[in-house]
Amino acid sequence: MVKYDYFENLEKLSSLSCSAVSLACSGNSKGDFSNIRMSCDRLVCETEDALFSDFLPPLERDSIAAAAHSLSRITDRAGELLSDSGIEPSLMRYNEEAKICAKLSEELDRHIRILRKIRRPDEMPNIQGFRKLLCEGREAHKSMLKRLRCASLPKNYAECIILTGRLRTELSVAFDLLVEIMLNNI
C-alpha cells in the first residue's frame with residue numbers, strides 16, 4: 001500500500017486557495033471558483049480519511065488537519081469576497097488590501113512548498129517579510145475605511161472592505177499555523 005502524501009495534498013490545497021484569492025482579488029468571474037471549491041473540499045476529505053487510516057503520518061495529525069482546514073477557510077473567505085454582490089469587479093482595482101492579500105497568498109503557497117524539505121532552523125521562511133505585508137494590509141484596510149467615510153468610495157463598498165479584511169486575517173492565521181508546524185518539526 002502506498003503511503004498517502006500529505007505534503008503534496010497540502011501543496012495542492014495551497015495552490016487552490018492561492019487561485020481562489022487571485023480570482024477574488026481581481027474581481028474575475030465566479031464560474032472558475034466552483035471548481036476550485038469542489039477540488040478543495042475533495043482534498044480536505046481525502047486528507048481526513050487518510051489521517052483516520054494512517055498509522056504514522058509525517059507530521060502530527062492535528063497539525064495536518066488544521067493546515068488543511070485553514071487553507072479551506074482561505075478559499076471560503078475568497079469565495080465570500082467574490083460573491084459579494086454589492087461590488088462591481090471594476091471597483092476591485094481600488095482595493096489595495098486585496099492586492100496585498102494576493103501577495104500574501106502567494107507567499108503562503110511558496111512557504112507551504114518548503115514544509116516538505118525543512119529540516120533545520122536556518123531553512124525557516126522569512127517571517128518578517130510576511131509580517132511586513134500584513135502590516136501593509138492593515139494600513140490599506142484603514143485607508144479604505146477612511147476613504148469610505150470621506151465618501152470617495154461608494155457606500156456599497158463597505159462589505160467588500162470587511163470581506164477583504166477577513167480574508168487577510170485568515171491568511172495570517174494560516175501562516176502562523178504553518179510556522180508553528182515548522183517549528184515543531186525541526
Side-chain angles (χ1 to χ4, degrees), residues 2-25 28 30 32-84 97-98 100-118 123-127 129-131 133-134 137-138 141 159-160 162-186:
V2 176
K3 204 164 167 94
Y4 191 76
D5 191 349
Y6 295 99
F7 295 113
E8 181 180 336
N9 204 27
L10 290 175
E11 290 168 5
K12 287 178 184 176
L13 279 167
S14 178
S15 178
L16 287 169
S17 70
C18 189
S19 296
V21 170
S22 178
L23 274 175
C25 292
N28 278 339
K30 299 172 189 173
D32 298 324
F33 184 77
S34 62
N35 292 333
I36 292 171
R37 179 74 260 160
M38 287 189 316
S39 297
C40 186
D41 288 343
R42 181 182 50 78
L43 287 169
V44 169
C45 289
E46 282 178 14
T47 301
E48 288 176 342
D49 290 344
L51 285 171
F52 285 122
S53 63
D54 203 352
F55 182 67
L56 276 174
L59 303 170
E60 292 180 23
R61 291 177 200 281
D62 292 344
S63 296
I64 295 169
H69 284 281
S70 183
L71 292 167
S72 179
R73 282 191 303 275
I74 290 170
T75 304
D76 290 341
R77 296 296 171 261
E80 290 170 1
L81 181 60
L82 201 88
S83 67
D84 180 21
E97 186 179 15
I100 292 170
C101 283
K103 290 177 188 175
L104 287 168
S105 71
E106 290 168 2
E107 282 293 303
L108 180 64
D109 184 46
R110 190 172 61 79
H111 291 359
I112 283 182
R113 296 183 189 291
I114 296 171
L115 185 60
R116 167 189 313 259
K117 303 170 195 165
I118 193 165
E123 296 172 340
M124 286 291 292
N126 181 0
I127 297 170
F130 195 87
R131 294 286 173 227
L133 270 175
L134 279 174
R138 275 192 299 277
H141 188 81
E159 185 71 16
C160 179
I162 292 167
L163 294 174
T164 307
R166 288 181 185 162
L167 175 60
R168 179 180 39 81
T169 300
E170 203 62 58
L171 287 161
S172 175
V173 168
F175 188 77
D176 288 345
L177 179 62
L178 176 64
V179 169
E180 181 182 333
I181 292 169
M182 289 178 172
L183 289 173
N184 287 337
N185 290 291
I186 291 178

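Counting begins at 1 with the first residue of the sequence.
- Here the shortest heavy-atom pairing between Thr47 and Ile64 reads CG2-CG2, 3.7 Å.
- Of the possible donor and acceptor atoms, one in the side chain of Thr169 sits under 3.5 Å from a partner among the backbone N and O of Gly165.
- The distance from atom OG of Ser14 to atom CG of Asp109, rounded to the nearest 0.5 Å, is 3.5 Å.
- Looking at every heavy atom in both residues, Thr164 comes nearest to Ala98 through CG2-N, 3.6 Å.
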query = Is there a side chain to side chain contact (heavy atoms under 4.5 Å, CB included) between Glu11 and Asp5 once you walk through the steps?
reply = CA-CA 10 Å; Glu11 290 168 5; Asp5 191 349; over 6 Å; no

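- Once rounded to the nearest 0.5 Å, the distance linking OG of Ser53 with CG of Asp49 reads 7.0 Å.
- Between Ala20 and Thr75, the shortest heavy-atom contact is CB-CG2, 3.9 Å.
- Here the side chains of Leu43 and Leu71 are not in contact, with every heavy-atom distance at 4.5 Å or above.
- Checked against ring-ring contact (aromatic ring centres under 6.0 Å, His included), Phe175 has the following partners two or more places apart in sequence or in another chain: His111, Phe130.
- Looking at Asp76 and Arg37, their side chains come closer than 4.5 Å, going by heavy atoms from C-beta outward.
- Between Lys12 and Glu8, at least one side-chain nitrogen of the basic residue sits less than 4.0 Å from a carboxylate oxygen of the acidic one, meeting the salt-bridge criterion.
- Here the CD-CG distance, from Glu97 to Leu163, works out to 10.5 Å after rounding to the nearest 0.5 Å.
- Summarising the geometry, atom CG belonging to Leu167 is positioned 9.0 Å from atom CD belonging to Glu80; distances are rounded to the nearest 0.5 Å.
- In Glu60, the CD atom is not crowded: 12 or fewer heavy atoms of neighbouring residues, nucleotides or ligands sit closer than 6.0 Å.
- Contact check for Val21 versus Arg77: no side-chain heavy atoms found under the 4.5 Å cut-off.
- With hydrogens and angles ignored, the 3.5 Å screen pairs no side-chain donor or acceptor of Ser72 with any backbone N or O of Ala68.
- Across all non-hydrogen atoms, the minimal contact from Leu51 to Tyr6 is N-OH, 3.5 Å.
- Formation of a donor-acceptor pair under 3.5 Å by the Ser22 side chain with backbone atoms of Cys18 is not found in this model.
- Rounded to the nearest 0.5 angstrom, Phe33 CZ and Leu81 CG are separated by 10.0 Å.
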Contacts under 3.5 angstrom, residues 100-108 side chains, donor-acceptor by atom type, not counting sequence neighbours:
| unit_1 | atom_1 | unit_2 | atom_2 | d |
| --- | --- | --- | --- | --- |
| Ser105 | OG | Ala102 | O | 2.9 |
| Glu107 | OE1 | Arg110 | NH2 | 2.8 |
| Glu107 | OE2 | Arg110 | NH2 | 3.4 |

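- At distances below 3.5 Å, at least one donor-acceptor pair connects side-chain atoms of Ser19 with backbone N or O atoms of Ser15.
- Nearest heavy atom pair, residue Ala174 against residue Ile74, reads CB-CD1, 3.6 Å.
- Atom CE of Met182 is separated from atom CG of Leu177 by 10.5 Å, given to the nearest 0.5 angstrom.
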